[in-house]
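Working notes, structure below.
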Amino acid sequence: MRAAILTVSTSKARGEGADESGTALAEFVAGLGLEVVAQEIVADDQWRIVARLRHFCDGLGADLVLTSGGTGLSPDDVTPEATRAVIEREAPGIAEAMRAASRPHTEHWMLSRGVAGTRGRSLIVNFPGSPKSIAECGEAISPALPHALALLAGERPAHQAP
């Protein structure tokens, strides 16, 4: 299966500093056993984010599209709005699990507005911009992702009891 990574950061898009969150997402993807087919940085601009998400899903056929950044309350945090403009079906449990996983680590966990959903056979998940938060949230959702991706691919994997 194939994954694409989109870091949403105006400063990183201008070349200011290393893309640590993109690297953290690439490590997360490798841990899932997926191939990274695209890794890009885009400024905090809703329509640029929309264009890249559509390209990753429709053009590249990525099974999993992960974003980092742009999920807070700042006026330029527009990743959730861009994602909602692209997805066909929301997967709220994924975003809820990520927020719940953040709760023990930060008092600001409730300020994350990240969403997750599907476009065709692609799953899009918004991660926070912090590499530490990416690891915490990734740990929470990684057990469910292979099953979700298999279902989107048209497979009918057995439901296993815990």
Side-chain angles (χ1 to χ4, degrees), residues 3-29 31-32 34 36-60 62-120 122-142 144-145 148-149 152:
I5 297 167
L6 184 65
T7 298
V8 179
S9 169
T10 299
S11 63
K12 299 294 185 262
R14 286 193 303 248
E16 298 172 12
D19 178 17
E20 295 176 10
S21 63
T23 300
L25 284 178
E27 291 170 3
F28 174 69
V29 166
L32 294 172
L34 304 178
V36 176
V37 295
Q39 184 170 347
E40 298 180 12
I41 303 171
V42 67
D44 294 274
D45 176 282
Q46 182 174 344
W47 302 112
R48 287 182 184 173
I49 299 166
V50 164
R52 298 323 297 154
L53 294 176
R54 285 184 178 150
H55 171 70
F56 291 160
C57 296
D58 304 342
L60 293 181
D63 302 289
L64 180 63
V65 177
L66 304 178
T67 70
S68 70
T71 61
L73 295 177
S74 173
D76 63 348
D77 286 335
V78 294
T79 303
E81 288 75 18
T83 302
R84 282 193 180 101
V86 170
I87 62 175
E88 298 158 344
R89 298 183 301 161
E90 199 159 341
I94 294 172
E96 291 164 8
M98 293 170 70
R99 278 185 279 278
S102 295
R103 188 173 187 175
H105 306 285
T106 177
E107 60 190 19
H108 303 296
W109 66 274
M110 66 190 81
L111 302 179
S112 175
R113 299 181 316 107
V115 299
T118 63
R119 179 178 179 87
S122 302
L123 175 62
I124 303 171
V125 180
N126 298 157
F127 275 80
S130 157
K132 181 179 178 291
S133 295
I134 289 169
E136 294 160 359
C137 293
E139 184 178 343
I141 66 169
S142 62
L145 289 182
L149 296 175
L152 285 169

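For clarity, every value in this text was computed on a predicted model and none was experimentally measured.
In this structure, the side chains of Leu152 and Asp63 stay at 4.5 Å or more apart for every pair of heavy atoms.
For the atom pair CD1 of Ile134 and CG of Leu25, the computed distance is 4.0 Å after rounding to the nearest 0.5 Å. Atoms OG1 and CD1, from Thr67 and Ile124 in turn, are 8.5 Å apart once rounded to the nearest 0.5 Å. Ser130 OG to His108 NE2: the interatomic distance, rounded to the nearest 0.5 Å, is 12.0 Å.
Partners of Ser112 according to the side chain to side chain donor-acceptor pair (under 3.5 Å) rule, which considers only residues two or more places apart in sequence or in another chain, do not exist here. Looking at residues two or more places apart in sequence or on another chain, you find a side chain to side chain donor-acceptor pair (under 3.5 Å) between Thr10 and Asp44. The side chain to side chain donor-acceptor pair (under 3.5 Å) search around Ser11 returns Ser9, not counting sequence neighbours. Under the side chain to side chain donor-acceptor pair (under 3.5 Å) criterion, Glu90 pairs with no residue, sequence neighbours left out. With sequence neighbours left out, Ala101 forms a side-chain contact (heavy atoms from CB on, under 4.5 Å) with Ala140. Every residue meeting the side-chain contact (heavy atoms from CB on, under 4.5 Å) condition with Ile141, not counting sequence neighbours, appears here in chain and number order: Phe28, Ile94, Ala97, Met98, Val125, Phe127, Leu145.
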Under 3.5 Å, side-chain donor or acceptor atoms of residues 48-56 against the rest of the protein: list the pairs with distances, not counting sequence neighbours.
unit_1 : atom_1 : unit_2 : atom_2 : d
Arg52  : NE     : Glu40  : OE1    : 2.7
Arg52  : NH2    : Glu40  : OE1    : 3.3
Arg52  : NH2    : Glu40  : OE2    : 2.9

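For residues 64-78, no pair satisfies salt bridge (Lys or Arg N to Asp or Glu O under 4.0 Å), with sequence neighbours left out. The salt bridge (Lys or Arg N to Asp or Glu O under 4.0 Å) analysis of residues 124-141, with sequence neighbours excluded, yields the pairs Lys132-Glu136. Here salt bridge (Lys or Arg N to Asp or Glu O under 4.0 Å) pairs that include residues 93-103, with residues two or more places apart or in two chains, number zero. Within the structure, side chain to side chain donor-acceptor pair (under 3.5 Å) contacts touching residues 14-27 (residues at least two apart or in different chains) are Thr7-Asp19, Arg14-Glu16, Asp19-Ser21, Ser21-Ser68.
Minimum interatomic distance between Ala38 and Leu60 (heavy atoms only, all atoms of both residues): CB-CD1, 3.6 Å. Nearest heavy atom pair, residue Gln46 against residue Val78, reads N-CG2, 3.5 Å. Scanning all heavy atoms of the two residues, the minimum distance from Ala95 to Val115 falls at CB-CA, 4.1 Å. Shortest non-hydrogen contact noted between Arg119 and Asp58 is NH2-OD2, 2.8 Å. When every heavy atom of Pro80 is checked against every heavy atom of Asn126, the shortest pair comes out as CA-OD1, 3.8 Å.
A donor-acceptor distance shorter than 3.5 angstrom exists from the side chain of Ser122 to the backbone of Ala62, with no hydrogens or angles considered. In this structure, the side chain of Thr79 does not engage the main chain of Thr71 through any donor-acceptor pair within 3.5 Å.
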Where do Leu32 and Leu64 land on the side chain to side chain contact (heavy atoms under 4.5 Å, CB included) test, with the steps shown first? CA-CA 11 Å; Leu32 294 172; Leu64 180 63; 4.1 Å; yes
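Heavy atoms from other residues, nucleotides or ligands lying under 6.0 Å from CD of Glu88 number more than 12.
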